[in-house]
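The shown structure was predicted, so the numbers you read here are calculated from the model rather than taken from an experiment. In what follows, chains carry the letters A, B, and so on, assigned in the order in which the sequence lines appear, proteins first and then strands, with residues in each chain numbered from 1.
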There are 2 protein chains.
Amino acid sequence: MSNEKGVTIVDIAHRLNMSASTVSKALKDDKTISAITRERVKALAKEWNYIPNQAARNFQQNKSFTLAIVIPDLLDQFYALAINGIEEVAIQNNYNVIICQSYDNSEREINILNHLVSSRIDGIIIVVSKNTKDLTIFDNMEKQGIPIVFFARSIQQPSFSSVSSDHNDGALKAINLLIKRGHKRIAHLAGPNALLTSHLRHTAYKKALEQNNIPYDAALVKATDFSYESTSTALTELYKDKHPPTAFFVFKSYVGLDIKRFLQSSHPKKLKHTDIIGFGNLPLIKQLETKPTASLDENSQMMGRQAAELLFEKIKDTEAEKFHLRKILLSLATLLYMNKQ
Amino acid sequence: MSNEKGVTIVDIAHRLNMSASTVSKALKDDKTISAITRERVKALAKEWNYIPNQAARNFQQNKSFTLAIVIPDLLDQFYALAINGIEEVAIQNNYNVIICQSYDNSEREINILNHLVSSRIDGIIIVVSKNTKDLTIFDNMEKQGIPIVFFARSIQQPSFSSVSSDHNDGALKAINLLIKRGHKRIAHLAGPNALLTSHLRHTAYKKALEQNNIPYDAALVKATDFSYESTSTALTELYKDKHPPTAFFVFKSYVGLDIKRFLQSSHPKKLKHTDIIGFGNLPLIKQLETKPTASLDENSQMMGRQAAELLFEKIKDTEAEKFHLRKILLSLATLLYMNKQ
DNA sequence: TTGTACGCGTTATCAG
DNA sequence: CTGATAACGCGTACAA
């Protein structure tokens with residue numbers, strides 16, 4: 001019978017008059033153990049409701065069979081969907097996933113990472129928080145054999161694997177669409193300065209304009225930290241212009257939604273004629289009565305799957321002491337929404 | 001110097017010519033170790049970047065310093081906010097949180113729970129998935145000393161701790177508000193049948209009508225499984241009635257949003273005059289141009305904090321071998337939204 | 001004040 | 001085919 005602390009392999013071995021190692025092997029169907037023994041062991045294990053002590057296994061094997069996802073914010077549906085994709089692949093590989101929120105705060109991020117290292121996490125998929133500058137911790141982690149995949153947000157260091165959207169591809173598709181719809185004054189609401197991705201998308205915006213022979217106007221570009229207040233300040237500035245924008249290319253769709261909110265309260269007449277397009281197709285857009293013009297469909301679930309697959313390649317390669325680096329850039333479809341006229 | 005597998009206490013002890021136990025104690029500032037020794041140890045630990053092996057600790061102490069949250073779906077902002085509240089309290093207690101999605105599937109839920117037990121999780125906060133009937137696993141877990149707090153969704157078993165909204169209070173406030181706004185035909189869109197909470201809210205709806213001397217009409221009540229399709233089928237039925245509803249009391253606000261979507265496409269003229277109120281104040285409502293009439297403000301973040309605090313009480317009580325049961329029912333404010341007229 | 005000895009549950013190795 | 005033994009890193013009771 002079981003004591004209250006849980007049945008162990010030793011308990012079973014004792015009852016069956018065999019050694020713990022035999023039981024251990026029998027439990028995992030090791031062919032060097034006779035079929036009868038295996039059956040006896042499994043039967044008793046079931047009867048006694050033996051639950052393997054995963055903590056002991058982790059310790060013994062110096063592995064956790066767990067990978068971590070570190071994201072700024074769960075409320076952002078882009079990340080939530082990505083998690084679903086990652087989990088899918090993790091489950092296939094018999095791995096568990098732990099989700100950590102950095103709240104876009106690099107100190108908290110470091111705490112999280114240290115704890116993950118300490119817990120012998122097997123791999124990490126991370127969306128770096130917006131102020132993260134110091135990448136030494138990531139270097140150290142890779143040196144310790146913990147594979148990392150950077151997700152969505154890019155970083156300076158070229159030696160890390162990553163999965164993200166193709167900014168140039170996305171910007172070009174967005175700008176082309178807006179031009180096709182007759183716009184000349186296309187503003188760009190960029191992400192926070194501290195984020196490398198903000199600059200990449202800004203540059204992509206410039207390039208896309210160039211390719212369409214539209215002169216770049218720095219006055220049409222403002223940064224936002226993604227809060228409504230910040231976006232609204234930026235917009236107030238933009239609308240002071242003699243030739244205010246008639247369309248927006250935004251860092252991500254959430255910013256586009258805030259633009260709509262702003263217009264509704266400050267320039268309701270412009271609402272209908274202002275086209276907005278940005279990165280990210282969010283489920284919540286389904287719920288909106290008037291939608292943004294379009295989104296660059298990032299399919300974050302698929303991105304998550306890709307990141308997880310990449311991570312598992314690295315986990316296996318680390319075990320084999322190989323070296324593995326890959327950067328995946330995903331091109332984007334534009335997703336048009338239809339508003340009632 | 002450190003080997004690549006990470007510095008251990010033994011490494012430090014060896015280098016400093018002392019025993020591992022001395023180092024172990026020094027590291028945690030044990031006063032029985034001389035100040036000088038403590039300093040020497042800590043200095044070297046820092047120099048060598050010693051990272052305690054949490055996996056070893058967990059194993060040795062048979063604790064994980066981690067609690068788990070099991071929810072149906074991360075995309076639901078109600079749960080995402082609850083997580084934030086839980087995390088807040090967990091961090092204060094130096095605990096980690098792992099988040100698991102059951103996708104409202106009880107088989108997956110069981111897998112998750114088994115794995116959590118196996119990992120020696122210290123406590124669980126769970127939103128049971130909608131088909132969960134068999135509660136023996138929870139009984140077993142409590143027997144094994146793993147405290148559980150049920151969150152938001154109620155279960156039959158009275159012997160578990162829980163935190164949820166006060167259905168009667170909520171329903172009464174909602175119905176009162178709708179009546180005040182002149183409605184007589186108030187429909188109820190209930191949750192799935194398999195969910196006890198659906199019945200509780202349904203009953204609360206009946207009671208609230210009674211208290212207002214409005215006869216209960218079963219034809220005004222339909223269940224939805226929360227998908228748009230299901231809700232839309234229910235609505236189609238409802239609008240076949242000779243006296244179709246002019247207002248809705250819904251299981252949760254997401255259903256209310258789907259009602260709006262449905263009306264917009266099928267009965268656009270009714271949209272303006274149909275009042276909708278349900279459980280849950282969701283951040284995404286900010287983004288809507290026309291909002292539901294009101295929400296019962298569940299403040300899931302605060303609910304999360306309460307659940308976590310309750311769980312920590314239980315964790316401490318378990319250690320002290322005490323018994324602890326509490327059910328928290330939170331009353332709700334109604335939150336009115338103002339639509340442009 | 002410091003050190004010794006042991007156990008936590010599991011698995012890998014190697015001997016029988 | 002099975003068993004004995006050691007090892008993983010840490011904490012702790014007890015001895016010195």
Side-chain angles (χ1 to χ4, degrees), chain A residues 2-42 44-45 48-65 117-122 144-145 319, chain B residues 2-42 45 48-65 115 117-122 144-145 319:
Chain A
S2 71
N3 56 35
E4 274 150 17
K5 299 286 175 189
V7 181
T8 70
I9 285 185
V10 175
D11 294 335
I12 296 178
H14 192 253
R15 172 71 176 74
L16 257 32
N17 266 322
M18 31 188 169
S19 76
S21 51
T22 305
V23 174
S24 173
K25 286 173 201 156
L27 248 15
K28 41 185 41 163
D29 239 352
D30 188 319
K31 299 303 179 198
T32 76
I33 302 295
S34 71
I36 335 156
T37 307
R38 274 181 278 156
E39 281 322 305
R40 286 180 64 210
V41 169
K42 286 193 227 160
L44 187 60
W48 279 2
N49 186 29
Y50 164 73
I51 300 173
N53 184 332
Q54 192 60 42
R57 279 187 184 161
N58 295 348
F59 167 59
Q60 196 269 139
Q61 307 191 15
N62 204 34
K63 284 183 68 176
S64 60
F65 303 99
V117 174
S118 179
S119 304
R120 301 296 186 264
I121 205 79
D122 291 347
Q144 287 179 47
E319 284 167 359
Chain B
S2 70
N3 56 34
E4 274 151 18
K5 299 285 174 187
V7 181
T8 70
I9 286 185
V10 174
D11 295 336
I12 296 178
H14 191 251
R15 171 71 176 73
L16 257 31
N17 265 322
M18 32 189 168
S19 76
S21 59
T22 306
V23 174
S24 172
K25 288 172 200 158
L27 248 15
K28 41 185 39 165
D29 240 351
D30 188 319
K31 300 303 179 197
T32 75
I33 302 295
S34 71
I36 336 156
T37 308
R38 275 182 278 156
E39 281 322 307
R40 286 180 63 210
V41 169
K42 286 194 224 160
W48 279 2
N49 185 34
Y50 164 72
I51 300 174
N53 184 332
Q54 192 60 42
R57 279 188 185 160
N58 294 349
F59 166 59
Q60 196 263 143
Q61 305 189 19
N62 206 32
K63 284 184 68 174
S64 61
F65 304 98
H115 182 264
V117 174
S118 181
S119 305
R120 300 298 185 266
I121 205 77
D122 291 348
Q144 287 178 46
E319 284 166 0

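- One interatomic measurement links the two molecules: CD of Gln60(A) to P of dT5(D), which rounds to 18 Å at whole-angstrom precision.
- Scanning all heavy atoms of the two residues, the minimum distance from Asp11(A) to Trp48(A) falls at O-CZ3, 3.8 Å.
- The CG atom of Leu27(B) lies 11.0 Å from the CD1 atom of Ile33(B); values are rounded to the nearest 0.5 Å.
- One interatomic measurement links the two molecules: CG of Asp11(B) to C1' of dA7(D), which rounds to 15 Å at whole-angstrom precision.
- In this structure, Arg57(A) does not reach the dG9(C) phosphate: none of its side-chain N or O atoms is under 4.0 Å from OP1 or OP2.
- In this structure, the separation between OG on Ser34(B) and CZ on Arg40(B) is 9.0 Å, given to the nearest 0.5 Å.
- Counting to the nearest Å, the C1' atom of dG3(D) and the CG atom of Asn17(A) are 13 Å from each other.
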Output, in order, the C-alpha distance, side-chain angles, deciding distance and verdict of side chain to side chain contact (heavy atoms under 4.5 Å, CB included) for Phe65(A) and Asn58(A).
CA-CA 8 Å; Phe65(A) 303 99; Asn58(A) 295 348; 3.8 Å; yes
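- One can place CZ of Phe65(A) at 11 Å from C1' of dT11(C), the figure rounded to the nearest angstrom.
- Summarising the geometry, the separation between CG on Leu27(B) and C1' on dG9(D) is reported as 13 Å, rounded to the nearest angstrom.
- Ser118(A) places a side-chain N or O within 3.5 Å of a backbone atom of Pro52(B) that can act as its donor or acceptor partner.
- Considering only side-chain N and O atoms, Tyr50(A) lies under 4.0 angstrom from the phosphate OP1 or OP2 of dT10(C).
- Residues from residues 30-37 of chain B placing a heavy atom under 4.0 Å of any atom in DNA chain C, listed by number, are Thr32(B), Ile33(B), Ser34(B), Thr37(B).
- Remark: side-chain polar atoms of Ser119(B) are paired, donor with acceptor, to backbone N or O of His115(B) under 3.5 angstrom.
- Of the candidates dG11(D), dC10(D), dT10(C), the closest approach to any side-chain atom of Ser24(B) belongs to dG11(D).
- Side-chain contact between Leu44(A) and Tyr50(A) is absent, with no heavy-atom pair separated by less than 4.5 Å.
- In this structure, Asn53(B) atom CG and dC8(C) atom C1' are separated by 14 Å, rounded to whole Å.
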What pairs of nitrogen or oxygen atoms, one from the protein and one from nucleotides 4-6 of chain C, lie under 3.5 Å apart?
{"residue": "dT4(C)", "atom": "O4", "partner": "Ser21(B)", "partner atom": "OG", "Å": "2.9"}

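- Looking at heavy atoms from C-beta onward, Leu16(B) lies out of side-chain contact with Thr37(B) at the 4.5 angstrom threshold.
- As rounded to whole Å, 19 Å separates atom P of dC1(D) from atom NZ of Lys28(A).
- Summarising the geometry, the separation between CG on Asn62(A) and P on dG9(D) is reported as 7 Å, rounded to the nearest angstrom.
- The backbone N or O of Arg120(B) sits less than 3.5 Å from a side-chain atom of Ser64(B), completing a donor-acceptor pair.
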